[in-house]
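Structure, as C-alpha coordinates:
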Amino acid sequence: MRTEAFYLPVGAGFSPTPSTTGPWSPEHQHGGPPCALLTGALQRAVPPAFRLARVTANFLRAVPLAELRVETHCIKAGRSTQRWRAVLHADRPVLEMEGLFVRASDGMADLDSTAGPEWAAPESVAPFTFPFFQTEHGYHRAVDLRFWEQPWGPPRVRVWARPLQPLVAGWEDSPEQRVVLLTDAQSGMAPPLDPLRFNYANPDLSLAFTRRPQGEWVGLDIQAQVGPEGIGLAHSRLRDLRGAVGVAEQSLIVRARK
(Lines give C-alpha, C1' and ligand atoms only; values in the text may rest on other atoms or scores of the structure.)
Protein backbone atom coordinates (compact mmCIF):
# COMPACT_ATOMS: atom_id res chain seq x y z
CA MET A 1 0.00 0.00 0.00
CA ARG A 2 1.36 3.39 -1.04
CA THR A 3 -0.20 6.56 0.27
CA GLU A 4 -0.53 9.69 -1.84
CA ALA A 5 2.56 11.33 -0.30
CA PHE A 6 5.08 11.05 2.51
CA TYR A 7 3.40 13.92 4.39
CA LEU A 8 0.03 15.61 4.53
CA PRO A 9 -0.04 19.37 5.24
CA VAL A 10 -1.90 20.06 8.49
CA GLY A 11 -2.24 23.75 9.34
CA ALA A 12 1.30 25.08 9.70
CA GLY A 13 2.73 21.58 10.13
CA PHE A 14 3.03 18.20 8.48
CA SER A 15 1.51 14.82 9.34
CA PRO A 16 3.57 11.76 8.32
CA THR A 17 1.94 8.93 6.40
CA PRO A 18 3.00 5.25 6.69
CA SER A 19 5.36 5.84 3.74
CA THR A 20 7.77 7.63 6.08
CA THR A 21 8.26 4.55 8.29
CA GLY A 22 11.90 3.49 8.58
CA PRO A 23 13.53 0.04 8.75
CA TRP A 24 14.64 -0.18 12.37
CA SER A 25 11.45 0.68 14.28
CA PRO A 26 7.76 0.93 13.32
CA GLU A 27 7.54 4.02 15.56
CA HIS A 28 10.19 6.09 13.78
CA GLN A 29 10.55 7.69 10.37
CA HIS A 30 13.19 6.96 7.79
CA GLY A 31 15.70 9.81 7.68
CA GLY A 32 15.11 10.71 4.03
CA PRO A 33 11.65 12.30 4.21
CA PRO A 34 12.33 14.63 7.18
CA CYS A 35 15.67 15.72 5.67
CA ALA A 36 13.90 16.48 2.38
CA LEU A 37 11.24 18.42 4.32
CA LEU A 38 13.89 20.72 5.82
CA THR A 39 15.67 21.08 2.48
CA GLY A 40 12.50 22.46 0.93
CA ALA A 41 11.91 24.80 3.86
CA LEU A 42 15.38 26.28 3.43
CA GLN A 43 14.93 26.69 -0.34
CA ARG A 44 11.63 28.50 0.12
CA ALA A 45 13.22 30.91 2.60
CA VAL A 46 16.14 31.97 0.37
CA PRO A 47 15.89 34.58 -2.43
CA PRO A 48 15.45 32.92 -5.87
CA ALA A 49 18.80 34.22 -7.18
CA PHE A 50 20.63 31.78 -4.87
CA ARG A 51 21.18 28.06 -5.52
CA LEU A 52 21.65 25.34 -2.94
CA ALA A 53 25.33 24.36 -2.77
CA ARG A 54 25.43 22.26 0.41
CA VAL A 55 23.14 20.93 3.13
CA THR A 56 24.25 19.30 6.36
CA ALA A 57 21.69 17.58 8.57
CA ASN A 58 22.19 16.41 12.15
CA PHE A 59 19.69 14.06 13.76
CA LEU A 60 19.14 15.10 17.37
CA ARG A 61 17.03 11.98 18.03
CA ALA A 62 14.92 9.50 16.09
CA VAL A 63 12.12 11.28 14.21
CA PRO A 64 8.78 9.92 15.50
CA LEU A 65 5.68 9.19 13.44
CA ALA A 66 4.07 12.33 14.81
CA GLU A 67 2.99 15.74 13.55
CA LEU A 68 5.96 17.95 12.70
CA ARG A 69 6.61 21.66 12.36
CA VAL A 70 9.54 23.55 10.83
CA GLU A 71 11.38 26.70 11.88
CA THR A 72 13.92 28.53 9.69
CA HIS A 73 16.17 31.51 10.26
CA CYS A 74 19.00 33.25 8.43
CA ILE A 75 22.53 32.85 9.78
CA LYS A 76 24.27 35.07 7.20
CA ALA A 77 22.87 37.01 4.24
CA GLY A 78 25.76 38.07 2.00
CA ARG A 79 25.94 39.22 -1.61
CA SER A 80 27.51 35.98 -2.87
CA THR A 81 26.46 33.45 -0.24
CA GLN A 82 23.71 32.94 2.29
CA ARG A 83 23.57 30.50 5.19
CA TRP A 84 20.28 29.39 6.64
CA ARG A 85 19.31 27.00 9.44
CA ALA A 86 16.15 24.91 9.79
CA VAL A 87 14.94 22.90 12.77
CA LEU A 88 12.31 20.16 12.71
CA HIS A 89 10.15 19.84 15.82
CA ALA A 90 7.91 17.06 17.09
CA ASP A 91 7.28 17.42 20.82
CA ARG A 92 10.88 18.71 20.88
CA PRO A 93 13.61 19.39 18.28
CA VAL A 94 14.46 16.19 16.40
CA LEU A 95 16.48 17.31 13.36
CA GLU A 96 18.51 20.37 12.40
CA MET A 97 19.91 21.36 9.02
CA GLU A 98 22.20 24.10 7.75
CA GLY A 99 22.15 25.13 4.11
CA LEU A 100 24.77 27.02 2.13
CA PHE A 101 23.39 28.94 -0.85
CA VAL A 102 25.49 30.56 -3.60
CA ARG A 103 24.32 33.28 -5.96
CA ALA A 104 23.92 31.79 -9.44
CA SER A 105 26.20 33.20 -12.16
CA ASP A 106 25.37 33.62 -15.85
CA GLY A 107 27.75 32.88 -18.71
CA MET A 108 29.35 29.77 -17.19
CA ALA A 109 27.72 27.13 -19.41
CA ASP A 110 30.88 26.64 -21.52
CA LEU A 111 32.78 25.67 -18.33
CA ASP A 112 30.36 22.87 -17.38
CA SER A 113 32.35 19.76 -16.44
CA THR A 114 29.52 17.67 -15.03
CA ALA A 115 29.04 15.37 -18.04
CA GLY A 116 30.08 11.84 -17.15
CA PRO A 117 30.16 8.29 -18.55
CA GLU A 118 26.89 6.72 -19.60
CA TRP A 119 25.05 4.41 -17.22
CA ALA A 120 22.58 1.71 -18.13
CA ALA A 121 19.08 3.13 -18.61
CA PRO A 122 16.99 2.81 -15.42
CA GLU A 123 14.14 1.19 -17.33
CA SER A 124 16.47 -1.60 -18.51
CA VAL A 125 17.09 -2.80 -14.94
CA ALA A 126 14.68 -4.78 -12.74
CA PRO A 127 13.24 -2.97 -9.68
CA PHE A 128 14.38 -3.90 -6.18
CA THR A 129 12.75 -3.59 -2.73
CA PHE A 130 14.69 -3.44 0.55
CA PRO A 131 14.18 -6.80 2.36
CA PHE A 132 15.02 -5.74 5.91
CA PHE A 133 12.13 -3.44 6.92
CA GLN A 134 10.08 -4.55 9.92
CA THR A 135 6.77 -3.29 8.50
CA GLU A 136 4.93 -4.19 5.31
CA HIS A 137 4.28 -0.54 4.46
CA GLY A 138 7.01 2.07 4.71
CA TYR A 139 9.69 4.03 2.93
CA HIS A 140 10.82 0.90 1.06
CA ARG A 141 7.47 0.73 -0.76
CA ALA A 142 7.54 4.41 -1.75
CA VAL A 143 10.85 4.43 -3.70
CA ASP A 144 11.92 2.74 -6.94
CA LEU A 145 15.45 1.25 -6.90
CA ARG A 146 17.30 -0.21 -9.93
CA PHE A 147 20.71 -1.82 -9.29
CA TRP A 148 23.01 -2.51 -12.22
CA GLU A 149 26.53 -3.97 -12.71
CA GLN A 150 26.32 -5.51 -9.23
CA PRO A 151 23.32 -6.73 -7.21
CA TRP A 152 22.30 -5.28 -3.86
CA GLY A 153 24.54 -6.27 -0.97
CA PRO A 154 28.21 -5.52 -1.69
CA PRO A 155 29.74 -2.45 -0.03
CA ARG A 156 29.97 -0.72 -3.42
CA VAL A 157 27.09 -0.45 -5.88
CA ARG A 158 25.63 1.72 -8.61
CA VAL A 159 21.91 2.26 -8.39
CA TRP A 160 19.24 4.39 -10.02
CA ALA A 161 16.54 5.61 -7.64
CA ARG A 162 13.40 7.73 -7.74
CA PRO A 163 10.54 8.50 -5.35
CA LEU A 164 7.19 7.02 -6.35
CA GLN A 165 5.14 9.78 -4.71
CA PRO A 166 5.52 13.45 -3.78
CA LEU A 167 7.02 14.50 -0.48
CA VAL A 168 4.05 16.65 0.60
CA ALA A 169 0.58 16.10 -0.84
CA GLY A 170 -0.37 18.95 -3.16
CA TRP A 171 3.13 20.49 -3.16
CA GLU A 172 5.77 20.41 -5.89
CA ASP A 173 9.11 18.87 -4.87
CA SER A 174 12.35 20.59 -5.81
CA PRO A 175 15.02 18.48 -7.59
CA GLU A 176 17.27 18.80 -4.55
CA GLN A 177 14.53 17.53 -2.25
CA ARG A 178 14.19 14.36 -4.32
CA VAL A 179 17.94 13.75 -4.13
CA VAL A 180 18.03 14.27 -0.35
CA LEU A 181 14.99 12.01 0.10
CA LEU A 182 16.84 9.16 -1.63
CA THR A 183 20.42 9.76 -0.52
CA ASP A 184 19.75 9.19 3.17
CA ALA A 185 19.15 5.53 2.17
CA GLN A 186 22.61 5.09 0.64
CA SER A 187 23.91 2.92 3.49
CA GLY A 188 20.95 0.59 2.97
CA MET A 189 21.64 0.47 -0.76
CA ALA A 190 25.29 -0.51 -0.19
CA PRO A 191 25.40 -2.02 3.31
CA PRO A 192 28.93 -2.64 4.62
CA LEU A 193 27.60 -5.59 6.69
CA ASP A 194 24.57 -7.87 6.50
CA PRO A 195 21.53 -5.64 7.32
CA LEU A 196 19.64 -8.66 8.59
CA ARG A 197 22.24 -8.91 11.36
CA PHE A 198 23.26 -5.25 11.86
CA ASN A 199 21.57 -1.84 12.17
CA TYR A 200 22.99 1.26 10.46
CA ALA A 201 21.86 4.46 12.16
CA ASN A 202 23.22 7.62 10.57
CA PRO A 203 23.49 10.61 12.93
CA ASP A 204 24.16 13.00 10.05
CA LEU A 205 23.85 13.54 6.30
CA SER A 206 25.72 15.99 4.08
CA LEU A 207 25.24 16.74 0.38
CA ALA A 208 27.09 19.13 -1.93
CA PHE A 209 25.72 20.11 -5.35
CA THR A 210 27.55 21.43 -8.42
CA ARG A 211 24.33 22.01 -10.37
CA ARG A 212 20.60 21.46 -10.11
CA PRO A 213 19.57 17.84 -10.78
CA GLN A 214 17.27 17.20 -13.72
CA GLY A 215 14.57 14.59 -14.18
CA GLU A 216 13.09 12.06 -11.77
CA TRP A 217 16.00 9.58 -11.65
CA VAL A 218 18.95 9.96 -9.25
CA GLY A 219 22.07 7.86 -9.76
CA LEU A 220 24.19 6.89 -6.74
CA ASP A 221 27.66 5.40 -7.01
CA ILE A 222 27.98 4.28 -3.39
CA GLN A 223 30.83 2.97 -1.30
CA ALA A 224 30.38 2.03 2.36
CA GLN A 225 32.74 0.78 5.04
CA VAL A 226 32.78 0.06 8.77
CA GLY A 227 35.66 0.00 11.26
CA PRO A 228 36.34 -2.39 14.14
CA GLU A 229 34.66 -0.08 16.70
CA GLY A 230 31.29 0.07 14.98
CA ILE A 231 31.84 3.41 13.23
CA GLY A 232 30.97 3.42 9.55
CA LEU A 233 30.85 5.74 6.56
CA ALA A 234 28.77 5.78 3.37
CA HIS A 235 29.78 8.01 0.46
CA SER A 236 28.08 8.57 -2.90
CA ARG A 237 28.86 10.28 -6.14
CA LEU A 238 25.51 11.61 -7.35
CA ARG A 239 24.25 12.04 -10.90
CA ASP A 240 21.19 12.35 -13.09
CA LEU A 241 20.71 11.06 -16.63
CA ARG A 242 22.95 13.82 -17.97
CA GLY A 243 25.93 13.44 -15.60
CA ALA A 244 27.35 14.38 -12.20
CA VAL A 245 25.42 16.63 -9.81
CA GLY A 246 27.37 16.31 -6.54
CA VAL A 247 28.36 14.07 -3.64
CA ALA A 248 26.82 12.81 -0.40
CA GLU A 249 28.24 11.43 2.83
CA GLN A 250 26.88 10.09 6.10
CA SER A 251 28.44 8.70 9.26
CA LEU A 252 27.12 5.35 10.48
CA ILE A 253 26.59 3.86 13.93
CA VAL A 254 26.78 0.11 13.29
CA ARG A 255 25.39 -2.26 15.91
CA ALA A 256 24.35 -5.91 15.96
CA ARG A 257 20.59 -6.40 15.74
CA LYS A 258 18.92 -7.93 18.77
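L238 and A248 get closest at one heavy-atom pair: CD1-CB, 4.0 Å. The heavy-atom pair separating S15 from V10 by the smallest distance is CB-CG2, 3.6 Å. Minimum heavy-atom separation, A190 to I222: CB-CG2, 3.6 Å. Closest of all the heavy-atom pairs between P26 and Q134 is CD-OE1, 4.0 Å. Taking each heavy atom of A224 and P192 in turn, the nearest pair found is CB-CD, 3.9 Å. Considering every non-hydrogen atom in both P47 and Q82, the closest pair reads CD-OE1, 3.4 Å.
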* Step-by-step side-chain contact (heavy atoms from CB on, under 4.5 Å) determination, R237 to Q223 -> CA-CA 9 Å; R237 291 182 292 176; Q223 186 166 8; over 6 Å; no

* Taking it one step at a time, do T20 and F14 satisfy side-chain contact (heavy atoms from CB on, under 4.5 Å)? -> CA-CA 12 Å; T20 64; F14 304 91; over 6 Å; no

* To do: Show the numbers, then the answer: is there a side-chain contact (heavy atoms from CB on, under 4.5 Å) between L241 and Q214?
  => CA-CA 8 Å; L241 293 175; Q214 300 175 5; over 6 Å; no

* To do: Starting from the C-alpha separation in whole Å, work towards a yes-or-no answer on side-chain contact (heavy atoms from CB on, under 4.5 Å) for V247 and E249.
  => CA-CA 7 Å; V247 296; E249 191 170 81; over 6 Å; no

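Using a 4.5 Å heavy-atom threshold, the side chains of W148 and P122 count as separate. Side-chain contact between Q186 and L205: present, with at least one pair of heavy atoms (C-beta onward) separated by less than 4.5 Å. Residues H30 and F133 meet the side-chain proximity criterion, which asks for heavy atoms closer than 4.5 Å. Considering only heavy atoms from C-beta on, W160 stays 4.5 Å or farther from D144 through its side chain. Between W119 and D221, some side-chain heavy-atom pair lies under the 4.5 Å cut-off. Within the 4.5 Å cutoff, no side-chain heavy atoms of F198 are placed close to those of L252. Residues H137 and T21 fail the side-chain proximity criterion, which asks for heavy atoms closer than 4.5 Å. When side chains are defined from C-beta on, N202 does not count as touching I253, because their heavy atoms never get closer than 4.5 Å.
A donor-acceptor pair is defined here as one N or O able to donate and one able to accept, closer than 3.5 Å; no such pair exists between the side chain of R162 and the backbone of E216. Looking only at distances, no side-chain donor or acceptor of H235 sits under 3.5 Å from a matching main-chain atom of Q225. Side chain of Q250 to main chain of S187: a donor-acceptor pair is present (N/O by atom type, distance under 3.5 Å, no hydrogens or angles).
Both W152 and L220 are part of a single hydrophobic cluster, where members link through side-chain heavy atoms under 4.5 Å apart. Residues V226 and V157 are members of one and the same hydrophobic cluster, defined by side-chain heavy-atom contacts under 4.5 angstrom among Ile, Leu, Val, Met, Phe, Trp and Tyr. The hydrophobic cluster containing W171 also contains L52, counting ILVMFWY residues as joined when their side-chain heavy atoms lie under 4.5 angstrom apart, directly or transitively. In the hydrophobic clustering of this structure, V46 groups with L167; members are Ile, Leu, Val, Met, Phe, Trp, Tyr whose side-chain heavy atoms approach within less than 4.5 Å, directly or through other members. Both V143 and M189 are members of a single hydrophobic cluster when ILVMFWY side chains are connected at heavy-atom separations under 4.5 Å.
Counting heavy-atom neighbours within 6.0 Å of E27 CD, excluding the residue itself, gives a total of 12 or less. Atom CZ of R83 sits in a sparse spot, with 12 or fewer heavy atoms from other residues, nucleotides or ligands closer than 6.0 Å.
Every residue was checked against the ring-ring contact (aromatic ring centres under 6.0 Å, His included) condition with Y7, not counting sequence neighbours, and none meets it. Every residue meeting the side chain to side chain contact (heavy atoms under 4.5 Å, CB included) condition with A121, not counting sequence neighbours, appears here in chain and number order: E123, S124. Applying the ring-ring contact (aromatic ring centres under 6.0 Å, His included) criterion to F132, with sequence neighbours excluded, gives W24, F130.
How far CZ of R51 is from OG of S105: 11.5 Å, rounded to the nearest 0.5 Å.
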Report all side-chain donor-acceptor pairs from residues 90-103 shorter than 3.5 Å, counting only partners two or more places apart or in another chain.
{"from": "E96", "atom 1": "OE1", "to": "R85", "atom 2": "NH2", "distance (Å)": "2.5"}
{"from": "R103", "atom 1": "NE", "to": "R79", "atom 2": "O", "distance (Å)": "2.7"}
{"from": "R103", "atom 1": "NH2", "to": "R79", "atom 2": "O", "distance (Å)": "3.4"}

Acceptor/donor pairs from residues 63-74 side chains to any protein atom, 3.5 angstrom cut, sequence neighbours excluded:
{"from": "R69", "atom 1": "NH1", "to": "E71", "atom 2": "OE2", "distance (Å)": "3.0"}
{"from": "E71", "atom 1": "OE1", "to": "H89", "atom 2": "NE2", "distance (Å)": "3.4"}

For residues 176-183, please give each side-chain donor-acceptor pair under 3.5 Å, one per line with the distance, not counting sequence neighbours.
{"from": "E176", "atom 1": "OE1", "to": "Q43", "atom 2": "NE2", "distance (Å)": "3.0"}
{"from": "E176", "atom 1": "OE1", "to": "R212", "atom 2": "NH2", "distance (Å)": "2.8"}
{"from": "E176", "atom 1": "OE2", "to": "R212", "atom 2": "NE", "distance (Å)": "2.8"}
{"from": "Q177", "atom 1": "OE1", "to": "S174", "atom 2": "N", "distance (Å)": "3.0"}
{"from": "Q177", "atom 1": "NE2", "to": "A36", "atom 2": "O", "distance (Å)": "2.9"}
{"from": "R178", "atom 1": "NH1", "to": "D173", "atom 2": "O", "distance (Å)": "3.4"}
{"from": "T183", "atom 1": "OG1", "to": "V179", "atom 2": "O", "distance (Å)": "2.6"}

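Here the two rings, on F50 and W84, have centers that are 6.0 Å apart or farther.
Ring geometry, F147 versus F128: the interplanar angle exceeds 60°, so the pair is classed perpendicular (tilted spans 30 to 60°).
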